[in-house]
Amino acid sequence: MLQRLLPLLVKLREKFPPAYNFLVRVAKRFLGGTFGVYPRPLANEVEAVTAVLRSSQWNMAYGAGLVHERLEAEFAEAVGARHAIAVASGGVALQMSLRALGLKPGHEAIHQVDTCAATAMAVMNAGVTPIFADISDRTFMLDGSDLRNRIGSETRALIATHMWGNPENISELRTLARERGLKLIEDACLGLGAVVDGRPAGCWGDVGVFSFGCVKPIQTGEGGMIVTDDESLARELRSLRHWGDRTIEFGVRDATQLAWNGRMSEILAAVAREQLRGYPKHLNELRDAVGEFQRTLDGFPGLSLVMGTAKTTSDCALTQVVLRVDESLLGLGKASLMSELKRNGIANGHGNFELINSLSFFKSDGWRDWILRGDIDRVGKNNGGSFPVAERVFAHDGLGLGKSNFLSAGNRKHLQSVLRSLTKGRAA
Ligand SMILES: Cc1ncc(COP(=O)(O)O)c(C=O)c1O
């Protein structure tokens, strides 16, 4: 049935968006499980929000076991960190982390060139300079030797992204950071639930940052979290999210840093607590479904699962399921595969983001208005440089399948049958 229905829905979305949106609302309300709709409530989100709205405490304040404080305790426990600081978004979490870790204008933070552009923007909004590095062909995340070559005299931090919830090579990066005296920030915005060597992603670095925004593992509309084991860093971060005010954490009415409103509302904290509660079951089901899909990939020469450093799907958060496409083995180019999947109603995208240095702001001179200190020539060369592996992954090798494809039996069957019909008789 889905085979016929989904292409019709794709056409409806293009021609009559209001009718499509109405159907999606109905499907979400009554048939969420059947159609694998995501995000959706994973526990008692509606009741939890109602309870906050019925109280008089909608904003973040301190003390008295408020909702965000309970969320912080539960989140810290879930990722095995001592402290968790609830914030307004993953981007502000990155900015606050860089500031709390002492990075100043002219200092550099290195991250992979094809992560979400939000990372580079957040680095710049913190007054810091992003330096891009290429990725490994195996993990689709930071390439250790390219990264080493990019470290310069002003480099102060590495930002390691657990891309799409695949675990990054974090113990190696931690060793490198220690050797070179650099701070390590784990960007786990897409990686809640991923596991590296038996320990959750996010608790390896000086800080780990998470997002609860669009397409993230758990969602609250907007929101994020920072985790750290360092008590004094946690206090600094709590002050930074409050326009730098030091009254609560340090007992003085003063501000010593340029800061942000990084607060999360109690309403969103209520959603986050319930999402977090329902997440382990959701993630286990997703892992099982993708594990089963992986076993069928033998039947599709030219397609294989990319899981970062993980050996099995049980260490991945699978926020998007990343496939390696071997175009010649498959007998089909990635671009054609993507458009055929889309035509058949299969949510898909690239296995990485477009290279950040290909965006006009970085490609043209837009960034020069904002990066005023440090080795500007070096930044210009980095922005204008080439990143061959990331370029190839974006153009040919990396495909992402939306997790909704795996969240219902009907969707999984549909995916299989579309892949079968697209690859039939083509493989080399
Ligand atoms: C890897 C990564 N880092 C950071 C962010 C920023 O998170 P937010 O949108 O919550 O600011 C995103 C958002 O898509 C992301 O994918």
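Read the numbers this way: they start at 1 and go in the same order the structure lists the ligands and their atoms.
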Point to revise | Closest approach of any protein heavy atom to atom 15 (C) of ligand 1, naming residue and atom | key: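 Ranking protein heavy atoms by distance from atom 15 (C) of ligand 1, first comes C116 CB, 3.5 Å.
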Review point. Closest non-hydrogen protein atom to atom 4 (C) of ligand 1, residue and atom name please, with distance?
Key: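 In this structure, atom 4 (C) of ligand 1 has C189 SG, 3.4 Å as its nearest protein heavy atom.
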Review point. Can an N or O of F353 be found at a distance shorter than 3.5 Å from an N or O of ligand 1?
Key: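 No; the residue has no nitrogen or oxygen that sits under 3.5 Å from a nitrogen or oxygen of the ligand.
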Point to revise | Heteroatom distance test (G91, ligand 1): nitrogen or oxygen, under 3.5 angstrom | key: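 Yes, since at least one N or O of G91 sits under 3.5 Å from an N or O of ligand 1.
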Using a strict 4.0 Å cut-off to heavy atoms of [X], name the atoms of ligand 1 that fall inside it.
X	result
A118	5 (C), 6 (C)
L190	1 (C), 16 (O)
T161	1 (C)
D187	1 (C), 2 (C), 3 (N), 4 (C)
T115	1 (C)
S211	7 (O), 8 (P), 10 (O)
G90	7 (O), 8 (P), 10 (O), 11 (O)

Point to revise | Q275-Q219 side chain donor-acceptor pair, cut-off 3.5 Å | key: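 No, because no side-chain N or O of Q275 sits under 3.5 Å from a partner of the opposite role on Q219.
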Would you call [X] and [Y] a salt bridge, using N to O less than 4.0 angstrom?
X	Y	value
R246	D254	no
R277	E274	yes
E108	R378	yes
D146	R150	yes
R343	E340	yes

Practice item. Please state whether the rings of F210 and F75 are parallel, tilted or perpendicular, taking 30° and 60° as the class boundaries. Key: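 Rings of F210 and F75: perpendicular, as their planes differ by over 60°.
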Point to revise | Evaluation steps, salt bridge (charged side-chain N to carboxylate O under 4.0 Å, His left out), between E231 and R82 | key: CA-CA 8 Å; E231 159 104 48; R82 288 212 185 98; over 6 Å; no
Review point. What part of E222 sits under 4.0 Å from ligand 1 if we count only heavy atoms: the side chain, the backbone, both or neither?
Key: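 Under 4.0 Å from ligand 1, E222 contributes no heavy atoms.
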Point to revise | Part of S89 with heavy atoms under 4.0 Å of ligand 1, whether side chain, backbone, both or neither | key: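 Answer for S89: both.
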Check your understanding: Does K216 reach ligand 1, in the sense of a heavy atom lying below 4.0 Å from it?
Key ->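 Per 4.0 Å heavy-atom rule, K216 contacts ligand 1.
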Review point. Looking at F394, F140, W164, which hits ring pair (Phe, Tyr, Trp, His ring centres under 6.0 Å) with F353?
Key: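 Testing F353 for a ring pair (Phe, Tyr, Trp, His ring centres under 6.0 Å) against F394, F140, W164 leaves exactly one candidate, W164.
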